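Quick note on labels: first sequence line is chain A, next is B, and so on, each numbered from 1. Keep in mind it's a predicted model, so treat the numbers as computed, not measured.
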Amino acid sequence: MTRALERLNTDQQQAVTTAAAQALVLAGAGSGKTRVLVHRIAWCLEQGLAAPTGILAVTFTNKAAAEMRGRIEALLNRPLGGMWVGTFHGIAHRLLRAHWREARLSEQFQIIDADDQQKMLRRVIRGLDLDEEQWQAKEAQWFISARKDEGLRPDKLHDGDDPGMKTMIHIYRSYQEACERASLVDFGELLLRAYELWRDTPGLLRHYRERFFHVLVDEFQDTNALQYSWLRLLVGESANFFAVGDDDQSIYSWRGAQVENMQRFRRDYPQHALIRLEQNYRSTGTILDAANALISNNTARLGKKLWTNGQRGEAIKLYAAYNDIDEARYCVDRIRLWHDDGDRFAESAILYRTSAQSRVMEDALRQAEMPYRVHGGFKFYERAEVKDALAYLRLMHNRQDDPAFERIINTPTRGIGNRTVDEIRNTARLERLSLWEAAVRLIAARELGARAAGMLGSFLRLIDLAAEQLQGLALDSMLDTVIEHSGLVEHYRKEKGDRGLDRIDNLAELVSAARDFVPDENTEELPLVAAFLSHAALEAGEGQGSEFDDCVQLMTLHAAKGLEFTNVLIVGVEEGLFPHSRSISDPNQLEEERRLCYVGVTRARQRLVMSFAESRRLHGSDYYPQPSRFLREFPSELIEEIRVGGAPTVQAVRETEANGLRLGQRVLHRTFGEGIVLHLEGRGAHTRVQVNFPGGVKWLVAAYAALEAM
DNA sequence: AGGTCGGATCTTTTT
DNA sequence: GATCCGACCT
C-alpha cells in the first residue's frame, strides 16, 4: 500500500494523483492543503515520476518551509535527498550564490533588510540634493519595491512627462547604482535577479528546466507578478506545476500579491486540472456556515463552499463591550472559563486588526496574571544591538558594505562626528566610491582635520585588524571577538535603565545563536560567515522565545493565517477599525478586509467570540465606532449577542440603516455634491454621518443634512 | 557629540 | 499616547 494515499479523502486523493501536468488546487481553510502538497511529492517519488533532485517546492515563510521540510521527511521517513524546499527568497538566494558571475554579482554580495534599504535611500536622496520632506525614503522604498515586484528596472519605466515620476525613477536608478557598488541586494532584488538570471542565461535555464520537472507552490494566491513570471519561466510549457492556494485567503495585495495569478495560471495552462478541497477538518458547522455567509459577500471569487462532517458546535458569541478595557476584561474572563474547563491557555488566541490593539489586551492579561505571548513585532535579528554587532562582521567581510559602515562608524561613539561622515559621503558620491574607500582616500589626501583623520584612521585599523584576527576562528568566537573589539558592551552598559542590560543579554544570545547555527540545504555550500549573515537577513527570527510555554496567543489577523486554535477571539470588530478606515472607500480593499475576517473566523476549531466596543481610545482620543458591517453579514441565528451595559446592538444598527443611511453608500448633498458615507455615529435623531465629498470629508447631522441616497 | 525638546504621525509587514 | 525624527541647545 502506498504511503502517499494514506488517510486522504477522495478529493485529496484526486489532487495527489492527478495525471495532469499542471494542477491548481483550490484548498479552502482547514481542508488539508499542506498535506496534499506533501503527499503529492511522496506520490511522485513512489510512482517513479520524479527523483528527489527533480523536485522544487516553494512557500513564503521560513516557518512554512520548515514545516513542509519536516512533514516530507516524516512521510518519506528519510532526508530530502537533493530536493529543493524553501521560500521564494531563500531559493532565489541559493541560485544567486551558485551563479553569482552569471547574475553579475560580486561573490561577496550581502542581503540588506527593509531597514537598511530605507537608510540607504535616505542617503541617496540626500546625495541627490532633493528635499527630504518631499522625497521621503519610505515612499521611495515603497515605489522601488513595488517596481521590482513587477519586474521593472528604471530604464523600463516611463515618466510620462510627470516631473514627480521622473525624480522617483532617478532615485530608483541612483539607489540601484549604490547597491551595486556596495555589493548589496535587497529582498526584491533577490527575486528580480534570480528571474533575470534565468531569462538572460538560456543555458542555465535549460539546466534547471531539465532538473526541476516537478514544481510545487504553496499559498499560490500570495504570489506577486515577478514570482509568477519566475515560476512560469522555470515550468515553461510542459513541466509539472502543482499550485495550491485559496483566493478567499488573499490578504497581501497591499504588498504586491496578485490573486489574479490564479486566473492567469488557468489561462496559461489550458490543460490544467482544477481540484477543489472543500471538506474542512478544523471547525464546527456553525463556524463554517458563518464563514461561508461572510465571504459570499465578495464578488469575483473562484467559488468554494466549506463543509464538515463534524458537529454543529456552539453559537458564535458576540460581545458588545462598553469600551476597549471592558472588551479586554471580557476576553480574559472568557479564556479563564475555558481554562477552568480544561483547555490550555495556548489553545486560545486573541486576534486583532492592528498591533496597537495588543496593549490593552496585554494590560488585562497581566493584571489577571495570565501568561501570554505576542506574536510579530520585533524580531531578534532586527534588534539594534544585534544589527550593530552584525554590521561589524559584515564590514569585515566586505568593506564595500555601506549600510554596515554607516551603522557603526560612530557606534559606539568614537569622536567621528556628522561633519566628517558627511565629508566621506560626499567624496564617495563624487568619486563613485564606497564609504570605506572614500574614507581611505580622505585620510591619504590629508583633507581632514588632524583630529578627525586620527579617529577615522583608528576606526579603519580596528576593522582591518579585527578582520585579520577572525581568520580561522569558529563562528561564535568570531562574534565574541567582534563584540569585544567594537566596544559595544561598554557602550550599552552606559545606557540608562534596564534597556542596556537587555541589549547586552541579546549580544550574548547572538553569540550562542552563532554557536548553534547550522546552515540549511539552501546555504550549506557557502562559507559559514556568509551563510550566517544571509540567515540573519532572510530569517529575522521570532521575538522572544516562550514558544513552548502554555500562553494565550496574541497576534494580528494577518499573522494568524495558517494557524488554528480551539478558541478564537476576534476583537475590535468595528467600522473604521475592521474594516479599517483606510480601506473603506475602495471596494477592492474592502473585499480584502472581508477576506481577512474570513481568515480570522476560520482559525477557530471549537469556539469563536467576536467583540466590538461602544467607545475606544485610539491615538490618544476617544472614538465612538459603529459595529462592523461584517457582523451583519453573519446569519443572525448563528450568533448569540451578549450585552452588559448600554452598548448598541447589531439590531440597533440595522434600525439606523432603515433610515436610509448605510456605510459605504453614495449620497447626494445639496451643496457638497456627491459623496460616500464613511462613518455613522449615534442613533435616531442624533445620528451623525461622516461623508467623503469631492471637497473633503465632512461630519453632518443626518436629521438636518437632508442627504439623498443614490 | 550628545542630550533634550517639539512636531508629526499613527494598518496589515511572509522576505 | 507612544514613538520616531530632526532641529536646536549645551
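- Checking A/Asn323, A/Asp622, A/Asp324 one by one against A/Arg617, the side chain to side chain donor-acceptor pair (under 3.5 Å) holds for a single residue, A/Asp622.
- A/Tyr352 is not listed as a side-chain neighbour of A/Leu557, based on a closest heavy-atom distance of 4.5 Å or more.
- More than 12 heavy atoms of other residues, nucleotides or ligands shown are found within 6.0 angstrom of CH2 on A/Trp254.
- Comparing B/dT13 with C/dC4, their P atoms sit 16 Å apart, to the nearest whole Å.
- Residues A/Trp84 and A/Val58 fail the side-chain proximity criterion, which asks for heavy atoms closer than 4.5 Å.
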Within the 4.0 Å limit for protein heavy atoms, which parts of nucleotides 10-15 of chain B are touched? Write it as a string from 5' to 3', B for base, S for sugar-phosphate only, - for none.
BBBBBB

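- Counting heavy atoms from C-beta outward, A/His93 and A/Thr523 have side chains that approach closer than 4.5 Å.
- Among the atoms of the strands shown, only primed sugar atoms or phosphate atoms (P, OP1, OP2) are found under 4.0 Å from some heavy atom of A/Ile416.
- B/dT12 takes the anti form, because its glycosidic angle lies more than 90° either side of 0.
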